[in-house]
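Step one of this worksheet: look at the structure below.
This one's a predicted model, so the numbers in the text were calculated from it and none came from an experiment. Side chains are part of it too, since the values below use all heavy atoms of this structure and drop only hydrogens, waters and symmetry mates.
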Amino acid sequence: MGPASPSLEMVKKTIKSGMNVAHLNSHETHKYHVEAIKNMHTVTESCASYSILYQPIAVALDTKGPEIPAALLKGSGTAEVELKKGAPLKFTLDNAYMEKCNKNILWLDYKNVCKVVEVSSKIYMDDGC
């Protein structure tokens with residue numbers, strides 16, 4: 001559901017069009033989610049007396065995993081490196097690398113990373129912003 005979707009009228013229109021699952025994005029605010037879910041309840045309850053229109057609506061919330069800040073690359077706060085698929089990248093918690101990261105080594109600001117990330121797990125770099 002996008003920014004215009006949580007209005008009563010838009011929820012009613014999408015339900016009448018056949019929506020049975022409302023997908024809410026994690027980047028929306030708590031207030032937005034509350035309004036959208038409240039309006040879905042209101043519309044579905046108002047359709048209860050019309051058996052042909054009444055159907056439960058599921059809510060799917062798109063959540064994201066933890067974000068772990070990484071350190072500055074050697075050179076400046078705006079420096080960039082291109083990571084190559086398949087190329088080794090070492091993660092370190094050693095503070096000596098806090099401002100000396102490069103395409104081969106990356107310092108992480110999360111001391112428990114070894115407790116929550118298993119060996120051979122996938123780690124996604126860059127949140128797309």
Side-chain angles (χ1 to χ4, degrees):
M1 295 184 73
S5 303
S7 71
L8 277 171
E9 195 54 45
M10 187 58 77
V11 170
K12 190 173 197 173
K13 184 177 179 181
T14 56
I15 289 173
K16 283 184 175 182
S17 296
M19 177 182 75
N20 59 5
V21 177
H23 176 245
L24 303 177
N25 290 308
S26 61
H27 62 267
E28 297 292 349
T29 65
H30 178 75
K31 181 180 177 182
Y32 169 89
H33 289 147
V34 169
E35 179 187 358
I37 292 169
K38 184 181 87 176
N39 286 347
M40 282 183 271
H41 282 292
T42 300
V43 171
T44 54
E45 292 306 313
S46 72
C47 294
S49 58
Y50 305 101
S51 60
I52 197 162
L53 293 177
Y54 182 75
Q55 65 178 358
I57 304 296
V59 176
L61 179 60
D62 184 11
T63 60
K64 59 183 178 179
E67 292 183 1
I68 301 170
L72 297 175
L73 296 172
K74 187 175 183 179
S76 78
T78 58
E80 294 183 10
V81 295
E82 183 178 343
L83 301 176
K84 302 281 186 184
K85 184 175 183 176
L89 177 61
K90 179 180 176 181
F91 295 98
T92 184
L93 302 173
D94 183 349
N95 289 341
Y97 290 93
M98 192 182 307
E99 296 180 5
K100 299 178 185 176
C101 298
N102 58 46
K103 67 180 183 177
N104 301 311
I105 190 162
L106 187 64
W107 177 84
L108 298 179
D109 182 25
Y110 184 56
K111 301 304 179 199
N112 288 324
V113 69
C114 297
K115 294 178 184 175
V116 297
V117 176
E118 296 177 22
V119 173
S120 298
S121 294
K122 289 184 180 182
I123 297 176
Y124 296 95
M125 303 295 294
D126 192 359
D127 64 3
C129 292

Minimum heavy-atom separation for [X] and [Y], please, with both atom names.
| X | Y | answer |
| --- | --- | --- |
| Trp107 | Tyr97 | CB-O, 3.7 Å |
| Asp94 | Thr92 | N-OG1, 3.0 Å |
| Leu83 | Leu89 | CD1-CD2, 4.2 Å |
| Lys111 | Leu93 | NZ-O, 3.0 Å |

Say you draw a straight line from CD of Glu9 to CG of Asn39; how long is it, rounded to the nearest 0.5 Å?
->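 Answer rounded to 0.5 Å: 11.0 Å.
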
| said: Please report the interatomic distance OG(Ser7) to CD(Glu35), rounded to the nearest 0.5 Å. | reply: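 Going from the OG atom of Ser7 to the CD atom of Glu35 covers 8.0 Å.
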
Just to verify, what does Lys115 make a side-chain contact (heavy atoms from CB on, under 4.5 Å) with, not counting sequence neighbours?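 Scan of Lys115 (side-chain contact (heavy atoms from CB on, under 4.5 Å), adjacent residues dropped) gives Asn112.
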
Applying side-chain contact (heavy atoms from CB on, under 4.5 Å), name anything that partners Ile57, two or more places apart in sequence or on another chain.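 Per chain and number, Ile57 pairs via side-chain contact (heavy atoms from CB on, under 4.5 Å) with Ile15, Met19, Ala22, Met40, Thr44, Gln55.
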
#### Entry: Transitive ILVMFWY side-chain link Val34 to Val43, under 4.5 Å
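Val34 and Val43: separate clusters.
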
Worksheet item: Could you go step by step and tell me if Val116 and Tyr110 meet the side-chain contact (heavy atoms from CB on, under 4.5 Å) rule?
Response: CA-CA 10 Å; Val116 297; Tyr110 184 56; 3.6 Å; yes

